Amino acid sequence: MSTKKVLMSSPEYFKVEYSINPWMIEGTEVDLELATRQWNNLKTTIELSGAEVLLVPAHPDQPDLVFTANSGIIKDDKVLIANFKFNERVGEEALFENWFKDNGYQVGRIPKEYKFEGRGDAFVYGDKLIGSYGIRSDKEALIYIAEQFELEPIIVELAQDKFYHLDTCFQHFSTGDAIFYPEAFKDSSLSAFNQIFNLIPVSENDANQLACNAVVINESVIFPSDEIDAIETVSNLGLTPKVANVSEFLKSGGACQCLVIALN
Ligand code: ARG
């Protein structure tokens, strides 16, 4: 399962102008020049880790479009586009839909009444759909996706608004290991994932720096800050930890993984 291509979107219109998660404080100033440098550094780090970066054009009305993880869920050449929970992000759906169509994907939609926020809450893992629900995505959406993609749904319920997507509190690696923040889940032992991953808990301090929102490119694991204890954990697993500081994006509740979706 190597990652050769990812999709990102440049931060030229990124800002925090509304609040749809507890990290977003309305009126917070984003240093756009710093954000742009951080985003470029993340992009370069991804490229140096061996993946090509494709871009969906930024849009002046969609400050959160930069978080391409939320675009949808991809299986081979098929994609099911997100149904965003909040109106503020619904305008992104058509932009992502068009990009995937223009790039040769078979694009589908899930029933409007089921909210679903893409790689934020779900991903394909072999013959399984790994997912979470309860805050941004609905359980029904995950069941529907599993049926469409003929996958076995392995899904868990989130417990805290602060960790509002699965990718804010869980990440898995090529070794079969995974880091997670126990308090973010209704079942803090995450027993549903136990058969599938070797689960390694992270501290509250790591969780609050969005350590689990590291982006994985093959053997490289790119963390959002160098003050994360899980960096050592990952290095002990034989993986290559890297750091791309994305502090400006944390103001919006997103870090490295949120800014990326793997295309294959
Ligand atoms: N401000 C964005 C939102 O609240 C951040 C999205 C982060 N994306 C993610 N995959 N966790 O929707």
Side-chain angles (χ1 to χ4, degrees), residues 1-3 5-7 67-86 89-90 92-94 96-97 99-101 103-160 163-174 176-182 184-199 212-213 215-216 257-258 260-264:
M1 283 206 315
S2 72
T3 300
K5 281 185 194 168
V6 303
L7 181 64
F67 298 110
T68 55
N70 300 120
S71 56
I73 184 162
I74 302 166
K75 182 175 186 269
D76 308 318
D77 64 343
K78 294 192 201 68
V79 54
L80 291 167
I81 301 292
N83 282 340
F84 283 96
K85 173 160 179 177
F86 293 106
R89 296 196 66 183
V90 168
E92 296 178 37
E93 294 170 13
F96 286 127
E97 191 169 345
W99 187 89
F100 281 106
K101 278 187 183 148
N103 285 273
Y105 286 82
Q106 247 175 274
V107 178
R109 299 299 312 243
I110 61 180
K112 264 280 156 261
E113 62 272 27
Y114 303 157
K115 298 305 167 202
F116 172 63
E117 299 203 352
R119 174 62 181 89
D121 273 321
F123 59 93
V124 178
Y125 190 72
D127 60 0
K128 296 181 171 54
L129 176 79
I130 308 292
S132 73
Y133 63 93
I135 298 179
R136 292 292 191 88
S137 298
D138 295 332
K139 191 176 187 175
E140 292 78 6
L142 301 173
I143 303 292
Y144 180 87
I145 293 162
E147 276 167 18
Q148 293 293 308
F149 282 174
E150 297 181 345
L151 300 166
E152 180 193 355
I154 309 283
I155 59 182
V156 297
E157 189 173 1
L158 295 174
Q160 286 188 34
F163 300 100
Y164 56 95
H165 282 139
L166 182 64
D167 71 359
T168 64
C169 48
F170 176 90
Q171 182 59 293
H172 67 101
F173 309 121
S174 58
D177 300 285
I179 52 172
F180 77 112
Y181 180 49
F185 297 93
K186 281 270 161 83
D187 167 15
S188 59
S189 70
L190 212 47
S191 55
F193 290 0
N194 217 353
Q195 301 292 311
I196 305 162
F197 303 103
N198 173 45
L199 297 171
C212 297
N213 205 258
V215 61
V216 176
Q257 168 63 76
C258 300
V260 176
I261 191 164
L263 292 172
N264 51 5

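None of the values given here were measured: they were computed from a predicted structure. Throughout, numbering of the chain's residues begins at 1 and tracks the sequence.
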(request) Calculate, to the nearest 0.5 Å, the distance between atoms OH and CG belonging to Tyr105 and Leu80 respectively. (result) 13.0 Å
(message) For the CG atom of Leu7 and the CH2 atom of Trp99, what is their distance to the nearest 0.5 Å?
(response) 4.5 Å
(request) Measure across Phe67 and Arg89 and return the closest heavy-atom pair with its distance rounded to 0.1 Å. (result) O-NH2, 3.5 Å
(message) Would you compute the distance between atom CG of Asn198 and atom NE2 of His172 and round it to the nearest 0.5 angstrom?
(response) 14.0 Å
Would you give me the side-chain donor-acceptor pairs under 3.5 Å for residues 139-159, sequence neighbours excluded?
from: Glu157; atom 1: OE2; to: Lys186; atom 2: NZ; distance (Å): 3.4

(request) Check whether any side-chain heavy atom of Phe96 sits under 4.5 Å from a side-chain heavy atom of Thr68, and report yes or no. (result) yes
(message) Taking the side chain as everything from C-beta on, heavy atoms only, tell me whether Val79 gets closer than 4.5 Å to Gln106.
(response) no
(message) Nearest 0.5 Å, please: how far is CZ in Phe100 from CG in Asp77?
(response) 12.0 Å
(message) I need the minimum non-hydrogen distance between Ala262 and Thr3, along with the two atoms involved.
(response) CB-CG2, 4.0 Å
(request) Please report the shortest heavy-atom distance between Gln257 and Ala69, naming the atom on each side. (result) O-CB, 3.5 Å
(request) Check for a donor-acceptor pair, side chain of Asp177 on one end and backbone N or O of Phe173 on the other, with a separation under 3.5 Å. (result) no
(message) If you define the side chain from C-beta out and look only at heavy atoms, does anything of Phe163 sit under 4.5 Å from Phe185?
(response) no
(request) With the side chain counted from C-beta on, respond yes when Ser137 and Phe116 share a heavy-atom pair under 4.5 Å apart, and no when they do not. (result) yes
(request) Work out which heavy atom in Ala184 is nearest to a heavy atom in Cys169; give both atom names and the distance. (result) CB-CB, 3.5 Å
(message) Within the 4.5 Å heavy-atom criterion, are Ile74 and Leu263 side-chain neighbours or not?
(response) yes
(message) With heavy-atom distances below 4.5 Å as the criterion, would you say the side chains of Ile81 and Val107 are in contact?
(response) yes
(message) So does Asp138 get a backbone contact from the side chain of Lys85, meaning a donor-acceptor N/O pair under 3.5 Å?
(response) no
(request) Flag the pair Lys75 / Leu129 as yes when at least one side-chain heavy-atom distance between them is below 4.5 Å, and no otherwise. (result) no
(message) Restricting to non-hydrogen atoms, name the atom on Ser132 and the atom on His165 that form the minimum distance, rounded to 0.1 Å.
(response) OG-C, 4.4 Å
(message) For the CD atom of Glu92 and the OG atom of Ser71, what is their distance to the nearest 0.5 Å?
(response) 9.0 Å
Result block: side-chain N/O donor-acceptor pairs under 3.5 angstrom for residues 189-197, not counting sequence neighbours:
from: Ser189; atom 1: OG; to: Asp187; atom 2: OD1; distance (Å): 2.7
from: Ser191; atom 1: OG; to: Asp187; atom 2: OD2; distance (Å): 2.7

(message) Rounded to the nearest 0.5 Å, what separates atom CD1 in Ile110 from atom OH in Tyr114?
(response) 9.0 Å
(message) Show the nearest heavy-atom pair for residues Arg109 and Asn83, with the distance to one decimal.
(response) NH2-OD1, 2.9 Å
(message) I need the full list of salt bridge (charged side-chain N to carboxylate O under 4.0 Å, His left out) pairs touching residues 113-124, with sequence neighbours left out, sorted by first then second residue.
(response) Glu117-Arg136
(message) For a 4.5 angstrom cut-off between non-hydrogen side-chain atoms, does Phe123 reach Asp167?
(response) no
